[in-house]
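Letters go in sequence order (proteins before strands), and every chain restarts at 1. In this text, all values refer to a predicted model and were calculated from it rather than measured experimentally. Values below: every heavy atom of this structure, side chains too, minus hydrogens, waters and symmetry copies.
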Protein chains: 2
Amino acid sequence: MTLAQDMTAQMTAALRKAGVRVTRQRIALLAVLVGADDHPDAEELYKRTKRVEPAVSLATVYRTLSVLEAEGVVQRHSFEGGGARFEATGPAHHDHIVDLDSGEVFEFNSDKIERLQEQIAAELGYDLVHHRMELYCRRRKP
Amino acid sequence: MTLAQDMTAQMTAALRKAGVRVTRQRIALLAVLVGADDHPDAEELYKRTKRVEPAVSLATVYRTLSVLEAEGVVQRHSFEGGGARFEATGPAHHDHIVDLDSGEVFEFNSDKIERLQEQIAAELGYDLVHHRMELYCRRRKP
DNA sequence: GCATTTTTGCGAATGATTATCAATCTCCTT
DNA sequence: AAGGAGATTGATAATCATTCGCAAAAATGC
Ligand SMILES: [Mn+2]
Ligand SMILES: [Mn+2]
Ligand SMILES: [Zn+2]
Ligand SMILES: [Zn+2]
């Protein structure tokens, strides 16, 4: 059993326990999400899912993404320009760098920044629920 | 001459110099933006501008906001949920805290975080062009 | 297998934003 | 002050991503 298969197995079990029905199209989309190493949008996820499970519609992709987001299994990002992009929730939090020229998305993590965010919220009397932090960059000119 | 009037005077001069025609509706919208101390969306800016200059349309508000954004005079924000919100560009950069319960937007600034962002981009071989950083918070439970 | 309750696919609806285009206005030149 | 080239406007249609409505199909529990 591959790692991706194991992850989906665990996830479907969790979903079932949460009262969410595990359908063919949900399994397929989940597999696509777990297997993706990028940040595709709904249309792209639809295309990839259709390859595995032709009996899926774009509406269902959108609906399932919302369900999976509510369950905490996927995360939705709204980078500048264009629609929402998605990724399976991984073990570790990270933020994103967007290459303005290629559109590619990279990931990074800074404990220092994470701590400072908490601190800033706390100083103003707030609890930080979540945040958004995106660096829009260009390759450095040599 | 009030401070807001002075600011708009300077701005219109700069716009004219940049080849942008200064119309009644642009002056009015600019005044509204400079006078605002919040982060209104296009519809709200339309309402406020109409009070001062009834001869304005929502389409023109959108178009003018894009023009002013291109000139660097206003900034566009896309917080979670809802459409774009705008503010006149101030003297100092700042980031935002969004109160998840009230929807209110507050501002903050952290030189440390700004520096860390530059550093992270640089380490990955990138030049930071701009960034987005928003803290979604709830008032701390006492 | 059967009943109950969800989920799906299709297409229509939505909401924010942009495009079209003839009429109007700005601003530079006489 | 008048003229005219070219930019801007208002009204409305068009876009685009996303959501909705509903009858048919599928998943779960017994
Ligand atoms: Mn990511
Ligand atoms: Mn602000
Ligand atoms: Zn983070
Ligand atoms: Zn900042």
Side-chain angles (χ1 to χ4, degrees), chain A residues 8-9 11-30 32 39-50 52-71 73-86 103, chain B residues 8-9 11-30 32 39-47 49-71 73-86 103:
Chain A
T8 29
M11 283 174 176
T12 55
L15 290 178
R16 227 181 247 107
K17 190 154 60 180
V20 174
R21 293 194 178 175
V22 178
T23 65
R24 244 169 318 116
Q25 5 318 57
R26 286 180 177 171
I27 292 169
L29 176 53
L30 200 43
V32 167
H39 298 78
D41 62 13
E43 196 78 43
E44 175 63 22
L45 287 167
Y46 172 50
K47 281 186 210 149
R48 295 185 194 177
T49 304
K50 251 196 317 196
V52 164
E53 172 56 69
V56 70
S57 69
L58 182 55
T60 291
V61 167
Y62 273 110
R63 275 185 298 231
T64 302
L65 285 170
S66 292
V67 169
L68 296 179
E69 184 186 16
E71 296 298 326
V73 176
V74 309
Q75 277 173 269
R76 176 191 308 256
H77 304 294
S78 295
F79 302 126
E80 285 183 3
R85 302 171 68 163
F86 303 84
Chain B
T8 31
M11 283 175 175
T12 55
L15 290 177
R16 229 182 245 107
K17 190 153 58 181
V20 174
R21 293 197 176 171
V22 177
T23 65
R24 240 166 324 113
Q25 14 302 69
R26 285 180 177 173
I27 293 170
L29 176 53
L30 200 43
V32 167
H39 300 78
D41 62 14
E43 196 77 43
E44 174 64 23
L45 287 167
Y46 173 50
K47 281 186 210 149
T49 304
K50 251 194 317 197
R51 275 178 224 146
V52 164
E53 174 55 71
V56 70
S57 68
L58 181 56
T60 291
V61 168
Y62 273 111
R63 275 185 300 233
T64 303
L65 285 169
S66 292
V67 169
L68 296 179
E69 183 187 17
E71 296 299 325
V73 175
V74 309
Q75 278 172 267
R76 176 190 308 257
H77 303 294
S78 296
F79 301 126
E80 285 183 4
R85 302 173 66 164
F86 303 84

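Regarding contacts with the backbone of C/dC27, a side-chain N or O of B/R16 is found under 4.0 angstrom from either OP1 or OP2. Note on A/Q25: a side-chain N or O is less than 4.0 Å away from OP1 or OP2 of C/dG9. An OP1 or OP2 oxygen of C/dT8 is reached within less than 4.0 angstrom by a side-chain nitrogen or oxygen of A/T23. Between A/Y62 and D/dT19 there is no side-chain polar atom (N or O) within less than 4.0 angstrom of OP1 or OP2. Between A/T60 and C/dG9, a side-chain N or O to OP1/OP2 separation shorter than 4.0 Å is present.
Rounded to whole angstrom, the span from the CD atom of A/E69 across to the P atom of D/dT18 amounts to 12 Å. One interatomic measurement links the two molecules: CZ of B/R76 to C1' of C/dT18, which rounds to 11 Å at whole-angstrom precision. For the pair A/E53 CD and C/dT7 C1', the computed distance is 13 Å after rounding to whole Å. For the pair A/L15 CG and D/dA27 P, the interatomic distance rounds to 15 Å; values are reported in whole Å. Separating the OH atom of B/Y46 from the P atom of D/dT9 is a distance of 14 Å, rounded to the nearest angstrom. Distance, B/K50 NZ to D/dA11 C1': 14 Å, rounded to whole Å. The interatomic distance linking B/K17 (NZ) with C/dC28 (C1') rounds to 18 Å, in whole Å. Distance CG (B/L65) to P (D/dT8): 15 Å, rounded to an integer number of Å.
With C/dT17, C/dC10, C/dT6 as the choices, the nucleotide that has an atom nearest any side-chain atom of A/A59 turns out to be C/dC10. Out of C/dC25, D/dA27, C/dT17, the shortest distance to the side chain of B/R24 is found at C/dC25. Of the listed nucleotides (D/dT18, C/dG9, C/dT5), C/dT5 has the atom at the smallest distance from the side chain of A/R21.
When each of A/V61 and B/L58 is assigned the nucleotide of DNA chain C bearing its nearest heavy atom, the one mapping closer to the 5' terminus is A/V61. Comparing A/V22 and B/A55, the nucleotide of DNA chain D nearest to each residue sits closer to the 5' end for B/A55. Remark on DNA chain C: of its neighbouring residues B/V20 and B/F86, the 5'-side contact belongs to B/F86, judged by nearest-heavy-atom nucleotide.
In this structure, B/E43 reaches neither bases nor backbone, as no heavy-atom distance under 4.0 Å exists between it and the strands shown. Heavy atoms of A/R63 sit under 4.0 angstrom from at least one base atom.
Annotation for A/H39 and A/R85: closest pair O-NE, 2.7 Å, computed over non-hydrogen atoms.
The one candidate from A/E71, A/R21, A/R26 that meets the side chain to side chain contact (heavy atoms under 4.5 Å, CB included) condition with A/L15 is A/E71.
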### Task
Take B/R76 and B/S66 through the test side-chain contact (heavy atoms from CB on, under 4.5 Å) and record every step on the way to the result.
CA-CA 9 Å; B/R76 176 190 308 257; B/S66 292; 3.4 Å; yes

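Without hydrogens or angle criteria, B/E53 side chain to B/L29 main chain gives no donor-acceptor distance under 3.5 Å.
Judged by distance alone, with hydrogens and angles left aside, A/R26 brings no side-chain donor or acceptor close enough to the base of C/dT7 to form a pair under 3.5 Å.
Look at B/K47 and B/E43 and you find no salt bridge, because none of the NZ, NE, NH1 or NH2 atoms lies under 4.0 Å from a carboxylate O.
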